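Keep in mind that this is a model prediction, so the values were computed, not measured. In what follows, every chain begins at residue 1, and chains take the letters A, B, ... in the order their sequences are listed.
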Amino acid sequence: MDFKNPNFFYEKRVLNMIESIKLKLKNILENVILNRFDVSVNIIVEAPKRKEQGDLSIPVFTIAKALQKPLSDVMKIINETIETSPLSSFFSDYLAIGGFFNIKLNSIAIIKFVVDDFANHQKDYGHSLIGEGKTVCIDYSSPNIAKPFSVGHLRSTIIGHSLGNLLEKCGYKVVRINHLGDFGTQFGKIIYAYQHFGDETLIRKDPINELVKLYVEFHERAKNNPEMDDEARRIFKELEQGNPEYTNLWNWFRKVSLEDYMKVYEKLNVHFDSYNGEAFYNDKMQPIIDELSEKGLLKEDEGAMIVDLGEEMPPALIQKSDGSTLYITRDLAALFYRKKTYNFSKCLYVVGNEQKLHFEQIKAVSKLMGYPYDKEIEHINFGLVLQDGKKMSTRKGKIVKLDDVLDEACHLSLVYINEKNPELENKKLISQKIGVSAVVFNDLKNYRANDFEFNLEDMVRFEGQTGPYLQYTSVRIASILNAESFEFNGNIDYMRLANESEFEIIKVISQYQMTVEKSAIESSPSILAKYLLNLASLFNSYYGKEKIIVENLIEKNTKKHLLAMVKYILDDGMTLLGMQVIDKM
RNA sequence: GACUUGGUAGCUCAGCUGGAUAGAGCAACGGCCUUCUAAGCCGUCGGUCAGGAGUUCGAAUCUCCUCCGAGUCGCCA
């Protein structure tokens, strides 16, 4: 281990400097204790809760207990070990508080590292190599044709989009797949409804909304006429088998729906590599069914074909008693197709909590078939969009269209601009970027698996932990940095950055890469969202008490370096979340 | 009923591989703009971490039980 080598901490850039120090410290202490006492302990090196307590902290209780020695003796051993280790040059002070051995970092060394690291990488600061050479497929958005793009699909869309960005930042090759819900019994229903009580001219005028009306009406009528459901199933089966009349209608419905979705994707700035939906796999299911049959996994039950999954899970229904296929059959076909086409190392499905069982079944079936996909596919579940504590549904006609939500948010941000900065140019365009980003951030800031109460008022509130707060922070910095020319020239006063408020910011900056990796690995954009809020808050606090544009040139330049780093991370982070960056608001 | 998931400040939520005095934002109240964007900053108020038991030097975090909410449980997706 060559701690003196300046490149030591750049190794693969897997860990930032402080994390790296923590890990080395842990290893050194564990080794010393193992060698001296022949006792193996797990030593924790963490950050203390309060900043007066230093930068690193080692709880000594467990070690003392394992060694059966008093705390003070163990403290002494730790102190000696650290003092004689090459790490000591990164530390400036040691404090024993209660049962904790705390360490203050040598801030100058850390600051130099962070600032140099940043200057060397700039545009790809925070970029990681953990995904190099690996491909990840992400199945997200996947709206159901002939249904409006609801706020329910919003979650899948923006979580998936953000995960794609995060994974790319970590070096993965990402394949973004919009697995359109363009097949299934619902099409039998819509076609039935269209043929019995639809109106072509109305649909041409306002396609999506009319199709939704038909769908809703079908369900209302079917309540008292259960034979309509049988008829819809029959129609779908014929569609599956290529009935030309139904296929034409299907094509039409699909086309107009997709045109509608594209408008939303444009607003959200979301894109896909593939729009192969369920229908795409219509001719790719038979080989799967054959293989299941050959492997003796398929059996008949009440006229349907199922795969028995044992005690823990209900059986997977592969083929209905009328011979038509189901969602899971098409998903299996899609899985095999994606593996063959993209050779993914992971395939993520950004789909709601309620489909948990479905993905458990897919894993179980593929495992029974002898494939390792159960380890490669991952259900990125997310919570329901609730309204007044209840799930929103198109069947009951309670529809909240995403388009309306976005418009409302944009409109409100325009109202705010007129209030706060009426002279601003391009108000309309900027208000759209603020409004859409507010909706995106509002969704991503909470842990995805939890339910989500849909509240327009909270969403467009532009105070506190919101998208506009992040944008506003970036804008404030932009207005300083753009006032006169600035570049990273390294002409700075490191001592100044060692002041408490500056060093706090430096430490957070140094955690950016690790935060991005953690967000990507845990598929949790909320981790990054919380981090950005924290960074913005630290900056705003700093901004409130420090003047940046000062007479002293080196002081001014030093502060600008700090601001430029903060701004880069805010902008890069917002982009990763799928928000838009602006320089005036 | 079984399985999954959640219950932390009035509201929205962090924190959960056990660590120090449980944190933010909103709301309420009080300050701060002749000086880099006040969509901001500073401060005050606010908690039996659903309840109980257990493990531990130490529990919001782990285990068990109870209560409450949500989701899922073959011919929808």
Side-chain angles (χ1 to χ4, degrees), chain A residues 42 44 46 48-50 53 57-62 64-65 71 97-100 102 142 144 147 181 183-186 189 229 232-233 278 301-306 312-322 324-328 330-331 351-358 360-361 381 383-384 386 389-391 395 413 416-417 419-421 424 434 438 442 445-447 449-451 453 455 458 461-473 475-481 483 526-527 530 533-534 536-537 539-550 556 559 563 584-585:
Chain A
N42 175 32
I44 297 163
E46 58 192 353
K49 285 220 162 141
R50 321 179 83 79
Q53 295 166 333
S57 179
I58 304 166
V60 185
F61 314 96
T62 40
K65 196 178 172 190
L71 282 173
I97 310 172
F100 295 88
N102 289 3
S142 311
N144 295 321
K147 288 190 189 173
F183 225 50
T185 313
Q186 56 177 335
K189 293 176 183 176
D229 284 318
R233 273 193 284 272
E278 293 188 54
D301 194 282
E302 295 171 32
M305 300 306 283
I306 63 162
E312 291 109 61
M313 247 180 273
L317 194 56
I318 302 292
Q319 205 165 27
K320 294 193 244 180
S321 45
D322 67 1
S324 66
T325 57
L326 285 132
Y327 179 45
I328 194 167
R330 295 188 283 274
D331 250 6
V351 180
N353 281 336
E354 68 275 14
Q355 290 191 32
K356 196 164 188 203
L357 177 62
H358 170 73
E360 300 280 319
Q361 289 180 321
N381 58 326
L384 292 168
L386 303 176
K390 281 181 186 156
K391 184 183 177 181
R395 270 181 212 177
S413 53
Y416 272 83
I417 291 173
E419 229 172 70
K420 299 176 189 294
N421 193 1
L424 186 68
I434 295 173
N442 181 65
K445 74 176 175 182
N446 295 325
Y447 177 59
N450 292 338
D451 285 352
E453 180 73 26
N455 184 327
D458 281 353
R461 191 191 295 279
F462 293 152
E463 278 147 10
Q465 301 171 327
T466 64
Y469 178 76
L470 296 180
Q471 287 171 318
Y472 179 69
T473 309
V475 163
R476 282 178 131 185
I477 299 175
S479 102
I480 293 174
L481 294 181
S526 64
I527 295 172
K530 299 279 182 193
L533 283 174
N534 180 39
S537 164
F539 167 76
N540 279 319
S541 179
Y542 178 69
Y543 180 91
K545 58 189 173 201
E546 285 285 340
K547 187 151 174 56
I548 310 302
I549 307 293
V550 290
K556 181 169 78 175
K559 288 174 168 174
L563 264 58
K584 285 198 171 87
M585 69 188 276

Select base, sugar-phosphate, or nothing to describe what [X] touches, counting heavy atoms under 4.0 Å on all strands.
| X | value |
| --- | --- |
| A:Pro315 | base |
| A:Lys530 | sugar-phosphate |
| A:Asp301 | base |
| A:Lys445 | nothing |
| A:Ala304 | base |
| A:Leu357 | sugar-phosphate |
| A:Glu546 | base |
| A:Arg50 | base |
| A:Thr185 | sugar-phosphate |
| A:Thr466 | nothing |
| A:Leu326 | sugar-phosphate |
| A:Gln53 | base |
| A:Ile417 | base |
| A:Ser526 | nothing |

* Asked: Going by the angle between their ring planes, with limits at 30° and 60°, are A:Phe61 and A:Phe100 parallel, tilted or perpendicular?
  ->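 Ring orientation, 0 to 90° scale: perpendicular.
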N-glycosidic conformation, B:C33 - syn within 90 degrees of 0, else anti =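 Syn for B:C33; the angle stays within 90° of 0.
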(message) Syn if the chi torsion is within 90° of 0, anti otherwise; quick check, which is B:G54?
(response)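 You should classify B:G54 as anti.
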(Q) I want to confirm an ordering. Mapping A:Arg330 and A:Ala449 to their closest nucleotides on RNA chain B, which one lands closer to the 5' end? (A)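 That would be A:Ala449.
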- Query: A:Pro48 or A:Val475: which one's nearest nucleotide on RNA chain B is closer to the 5' end?
  - Reply: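 By nearest-heavy-atom nucleotide position, the 5'-most residue is A:Pro48.
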[N] pairs with, by Watson-Crick or G-U criteria that keep both distances under 3.5 Å:
| N | value |
| --- | --- |
| B:G1 | B:C73 |
| B:G43 | B:C29 |
| B:C16 | none |
| B:G6 | B:C68 |
| B:C36 | none |
| B:A22 | none |
| B:C49 | none |

Legend entry - Is_stacked (A:Phe100, B:A20) at 5.5 Å, 30 deg: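 Here the ring of A:Phe100 and the base of B:A20 are stacked, with centres under 5.5 Å and planes under 30°.
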### Task
Evaluate whether the aromatic ring of A:Tyr447 and the six-membered ring of the B:A14 base sit under 5.5 Å apart, centre to centre, with an inclination under 30°.
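Stacking between A:Tyr447 and B:A14: absent.
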For [X] and [N], is the shortest distance between a side-chain N/O and OP1 or OP2 below 4.0 Å?
| X | N | answer |
| --- | --- | --- |
| A:Lys356 | B:U4 | no |
| A:Lys65 | B:C57 | yes |
| A:Tyr416 | B:A38 | no |
| A:Lys320 | B:C76 | yes |
| A:Asn450 | B:A14 | yes |
| A:Ser541 | B:C42 | yes |
| A:Arg476 | B:C41 | no |
| A:Tyr472 | B:A39 | yes |

Q) Is any side-chain N or O of A:Asn102 under 3.5 Å from a base N or O of B:A20, one able to act as donor and the other as acceptor? A)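 When only heavy-atom distances are counted, A:Asn102 does reach the base of B:A20 through a donor-acceptor pair under 3.5 Å.
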(Q) Between the base of B:A77 and the side chain of A:Ser142, is there a donor and acceptor pair under 3.5 angstrom? (A)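 Counting by modelled atom types and ignoring angles, no donor-acceptor contact under 3.5 Å is found here.
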[atom1] spacing across the pair [N] / [M], given as an integer number of angstrom:
| N | M | atom1 | value |
| --- | --- | --- | --- |
| B:G7 | B:U12 | C1' | 14 Å |
| B:C42 | B:C33 | C1' | 14 Å |
| B:G71 | B:G46 | C1' | 33 Å |
| B:G18 | B:G58 | C1' | 8 Å |
| B:G15 | B:A9 | C1' | 14 Å |
| B:C13 | B:A20 | C1' | 24 Å |
| B:A22 | B:C68 | P | 31 Å |

Closest nucleotide among B:C75, B:G19, B:C36 to the A:Tyr543 side chain:
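So the side chain of A:Tyr543 is nearest to B:C36.
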Item checked: Residues which pass side-chain hydrogen bond (donor to acceptor under 3.5 Å, both in side chains) with A:Thr466, listed by chain and number, not counting sequence neighbours ->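 In terms of side-chain hydrogen bond (donor to acceptor under 3.5 Å, both in side chains), with neighbours along the sequence ignored, A:Thr466 is linked to no residue.
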